[in-house]
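Working notes, beginning with the structure itself.
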Amino acid sequence: MGTELGKAFFDRDTVLVAKELLGKFLVRKFRGREVSAMITETEAYDGSEDRASHASKGKTARTEIMFGHPGVFYIYLVYGMYYMLNIVTREHSHPAAVLIRSIQHYNGPGKLTKFLNIDKDLNALPAKKSSGLWFEDRGVKIPPRSIKKTRRIGIDYAEPIWVAKKWRFFIER
DNA sequence: ACGATGATGAAC
DNA sequence: TTCATCATCGTA
């Protein structure tokens, strides 16, 4: 079908990875069924200085995954009911990740994880077929002019300099 | 505008 | 051990 994205893809600049994930496919194999959808919206969280990032609290039981190897899923529960899907970027010890905010036909990070049956069971697993969740390049090219960037969503508690970063990317429809 | 609903991190 | 907060969403 497509080319599976390996560790090297994620071992790069977080903002670049967030941008390049647009147009790539998220593939989920669960209970014998395979479902896939194109990624349409992402957000970058980079470094422990980024006050919008969980990594700004330092290394804790929850956030240590962000300090680990690239290409590993970081999944957590928010508001008691929605799982957020992140993929770790950059080299080991540099905490960073990209939040997958939307896939085609499912707008919103909580809705896409529900649709793809993604929960904490996948937390800390690498993005590869044997994990049941992975990324594929299927040759879709998103023209640069149709990539929009804005501030990130739901992080207004952070300091203005971090709120102002235009690290949310999406494909204009 | 707000409540659902539970894990997390910080305070005590 | 308690408390406020939260990378959201559906209903209003």
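Chain letters run A, B, ... following the sequence lines, proteins first, then strands; residues in each count from 1.
- Within the nucleic acid shown, A:Arg152 has no heavy atom closer than 4.0 Å to any nucleic acid atom.
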*Report the C-alpha distance between A:Asp156 and A:Arg151 in whole Å, list the side-chain angles of each, state the deciding distance to 0.1 Å, and finish with yes or no for side-chain contact (heavy atoms from CB on, under 4.5 Å).*
CA-CA 10 Å; A:Asp156 288 347; A:Arg151 333 168 125 191; 5.6 Å; no
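- Taking only side-chain nitrogens and oxygens, A:His54 never comes nearer than 4.0 Å to OP1 or OP2 of B:dT8.
- A:Ile153 comes within contact range of the sugar-phosphate backbone alone, with a heavy-atom separation under 4.0 Å but no base atom that close.
- For the residue pair A:Thr14 and A:Arg90, no side-chain donor N or O sits within less than 3.5 Å of a side-chain acceptor on the partner.
- Heavy atoms of A:Met84 sit under 4.0 angstrom from primed sugar atoms or phosphate atoms, though from no base atom.
- The only member of A:Gln104, A:Lys148, A:Arg101 that meets side-chain hydrogen bond (donor to acceptor under 3.5 Å, both in side chains) when paired with A:Glu41 is A:Arg101.
- Judged by distance alone, with hydrogens and angles left aside, A:Tyr76 brings no side-chain donor or acceptor close enough to the base of B:dA7 to form a pair under 3.5 Å.
- Between B:dT5, B:dG9, C:dA7, one nucleotide has an atom nearer to the side chain of A:Arg62 than all others, and that is B:dG9.
- Contact annotation for A:Ala61: no contact, since no heavy-atom pair falls under 4.0 Å across all strands.
- Between A:Tyr82 and A:Lys120, the residue whose closest nucleotide on DNA chain B is further toward the 5' end is A:Tyr82.
- Closest to the side chain of A:Thr63, from the set B:dT5, B:dG9, C:dC9, is B:dG9.
- For the pair A:Arg12 and A:Phe9, the cation-pi test (distance below 6.0 Å, angle within 45°) is passed.
- Of all nucleotides listed (C:dC6, C:dA7, B:dG6), C:dC6 comes nearest to the side chain of A:Tyr79.
- The side chain of A:Arg101 sits closest to C:dA7 out of B:dT8, B:dA4, C:dA7.
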